[in-house]
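Worksheet for the structure shown next.
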Amino acid sequence: MVKNRIKELRTQKKLTQQGLAMAIGCSQNQISKIESGKSEPTSSLLKSLAHFFKVSVDYLLCETDFRYKVDVSEAYSNQKFVETYARYAALPVKKQALIEDLIDALSPEEND
């Protein structure tokens, strides 16, 4: 469910609801209502959340278990990528978070 994905991502980043709300420009009350299942996020809020957490909107909506949007035809033509991603996907969430932190640290836009 959307509420679970958002809460999971928020807690992985060690953010409070207020901290997440401030980071994406909404109210803590909105985040609380979404995480409690009392309301659904708007499309613009979903986009903001996806951008902030660096995941796809499909992942937030539980349409896929793949966190990142990839060109499927290109990805599947590259067997090494598929094998590496399968290994990553099989890791516990905490280890996936460590890998994501490493990728963020090595990302060119982070080092500029």
How far apart are the closest heavy atoms of Val2 and Cys62, and which atoms are they?
->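 The pair with the smallest heavy-atom distance is N-SG, 3.9 Å.
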For Gln96 and Leu91, work out which heavy atoms get closest and say how close.
-> NE2-O, 3.2 Å
How long is the span from the [atom1] atom in [X] to the [atom2] atom in [Y], to the nearest 0.5 Å?
X     : Y     : atom1 : atom2 : answer
Leu49 : Ser44 : CG    : OG    : 9.5 Å
Lys7  : Leu20 : NZ    : CG    : 12.5 Å
Ser32 : Lys38 : OG    : NZ    : 6.5 Å
Ser27 : Gln17 : OG    : CD    : 10.0 Å
Glu40 : Leu45 : CD    : CG    : 11.0 Å

Beyond-backbone contact of [X] with [Y], side-chain heavy atoms, under 4.5 angstrom:
X     : Y     : answer
Tyr88 : Thr84 : no
Lys95 : Pro92 : yes
Leu9  : Leu60 : yes
Ile24 : Ile31 : yes

Check: Ala21 main-chain N/O paired with Gln28 side-chain donor or acceptor under 3.5 Å = no
Any donor-acceptor pair under 3.5 Å from Thr11 side chain to Lys14 backbone | no
Using a strict cut-off of less than 4.0 Å between a Lys/Arg side-chain nitrogen and an Asp/Glu carboxylate oxygen, indicate whether Arg5 and Asp65 qualify as a salt bridge.
->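 Here Arg5 pairs with Asp65 in a salt bridge, since their nearest N and O are under 4.0 Å apart.
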Arg10/Glu35 ion pair, N-O < 4.0 Å |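 Yes, Arg10 and Glu35 are salt-bridged.
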side-chain contact (heavy atoms from CB on, under 4.5 Å), paired with Phe53, selected from Gln12, Lys13, Glu8 | Lys13
Single-linkage hydrophobic cluster, 4.5 Å side-chain cutoff, Met22 and Leu15 together |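 Result: no, two separate clusters.
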